[in-house]
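Read the structure below first, then the notes.
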Amino acid sequence: MAEFDLIGLIRERAATRADVLLGIGDDAALLQPPPGHALVVTADTLNEGVHFPAGTAAADIGWKALAVNLSDLAAMGAKPAWCTLSLSLPRADVAWVGAFVDGFLDLAGRHGIALVGGDTTRGPLSIGVTAMGLVEQGAALRRDRARVGDDIWVTGTPGEAAGALVLGGHVPGPAPAGEVASSARAALDSRLARPTPRVEAGRALLGLAHACVDISDGLLADLGHVCARSGVGAEVRLDALPASAALREVFGDASRVLQATGGDDYELCFTAPANLCEQVQLALEQVGVDASRIGRIVAGQGVRALDAQGQPPRAGYEHFG
Ligand code: ADP
Ligand code: MG
């Protein structure tokens with residue numbers, strides 16, 4: 001394939017930053033982390049047919065390939081700094097790569113992350129991104145720091161991406177409550193195609209949150225990872241889960257199972273001491289992110305979902321206990 005033309009196209013458009021001593025074009029990049037910081041590294045791959053349906057717009061794939069990695073940096077409380085991009089492409093399609101790079105660099109520019117290298121090969125469509133961030137030494141948000149008595153919080157309104165996957169017939173799920181308005185459908189679809197990584201929220205939570213995880217597999221499942229790593233249990237009040245207007249419009253009461261178990265929204269779930277409740281709310285308000293208190297860390301293990309009466313719900317959530 002005309003691999004070098006594609007690399008040239010990417011190189012021409014990628015922005016750089018002062019701590020990139022050497023970027024795209026050599027055998028490897030040279031990066032200069034500042035003193036007093038830990039380097040935070042994460043990698044995620046998107047495969048066609050597995051992580052996005054065939055025919056997804058190239059610009060949306062570009063956005064999402066970076067977004068899922070920025071979400072992992074956000075969950076650690078890291079500032080995005082540098083990334084690499086490994087592209088496996090069935091053919092050297094300049095128009096496709098141009099559109100892909102539009103989406104990728106749009107999001108990169110918003111977070112000041114520099115693309116510093118990668119790899120371009122022929123093969124089934126697959127996109128691997130490694131993102132590197134920086135966090136003040138000792139300050140990172142980790143999964144293994146939740147403590148009994150902590151409040152459990154979630155940012156945004158999880159469940160919308162799962163709603164879009166259900167409407168698209170990509171995963172099984174509840175049936176819509178009635179006719180689906182195109183505006184509501186579009187709202188859900190855009191959350192699936194272009195998730196918003198909560199980078200500023202992760203930064204705002206440094207020194208406030210005890211533990212943090214980003215929601216890629218579903219709220220209860222990802223909270224379960226925090227509990228397992230921290231050696232604690234969790235109680236989540238399903239009636240306290242923040243509901244998106246579009247999700248409720250489309251799925252009615254069945255929204256709840258999507259909010260609790262749907263993945264792909266890339267919101268943050270975190271725990272914080274109960275006495276810091278107002279400070280948490282204020283810190284997130286300052287970066288324009290809504291967050292809701294949805295439960296409590298308890299002694300024991302596993303995640304228990306509770307209904308408005310404090311009872312286990314009738315069905316659908318048991319496997320997280
Ligand atoms: P090498 O064979 O030494 O690995 P390549 O020809 O693969 O070199 O890459 C040349 C340069 O282009 C390297 O700096 C590499 O990091 C960069 N590069 C290759 N593919 C990409 C890509 N998809 N995105 C960004 N940089 C890339
Ligand atoms: Mg190479």
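Both counts, for ligands and for their atoms, begin at 1 and track the order of listing.
- A salt bridge is absent between Lys79 and Glu200: the closest approach of a Lys/Arg side-chain nitrogen to an acidic carboxylate oxygen does not fall below 4.0 angstrom.
- Listed by chain and number, the residues in a salt bridge (charged side-chain N to carboxylate O under 4.0 Å, His left out) with Asp27 amount to none (sequence neighbours excluded).
- In this structure, of Gly23, Gly128, Gly118, Ala14, the residue bringing a heavy atom nearest to atom 15 (C) of ligand 1 is Gly118.
- Residue Asp27 has at least one heavy-atom neighbour below 4.0 Å for each of these atoms of ligand 1: 3 (O).
- Here is the list of ligand 1 atoms found below 4.0 Å of a heavy atom in Thr120: 19 (C), 20 (N), 21 (C), 22 (C), 23 (N).
- Annotation: side chain to side chain contact (heavy atoms under 4.5 Å, CB included) contacts of Val41 (sequence neighbours excluded): Leu39, Thr130, Met132.
- Within ligand 1, counting atoms from 1 as listed, the ones closer than 4.0 Å to a heavy atom of Asp119 are 7 (O), 19 (C), 20 (N), 21 (C), 22 (C), 23 (N).
- For ligand 1, none of its N or O atoms has an N or O atom of Ile24 under 3.5 Å away.
- There is no path of hydrophobic side-chain contacts, each under 4.5 Å, that joins Leu282 to Phe270.
- Under 4.0 angstrom from ligand 1, there are no non-hydrogen atoms of Thr84.
- Between Arg237 and Asp307, none of the side-chain N atoms (NZ, or NE/NH1/NH2) sits under 4.0 Å from a carboxylate O, so this pair counts as no salt bridge.
- The option with the heavy atom closest to atom 9 (O) of ligand 1, from among Leu115, Leu9, Ile7, is Ile7.
- Glu249 has no carboxylate O lying under 4.0 Å from a charged side-chain N of Arg185, or vice versa, which leaves the two without a salt bridge.
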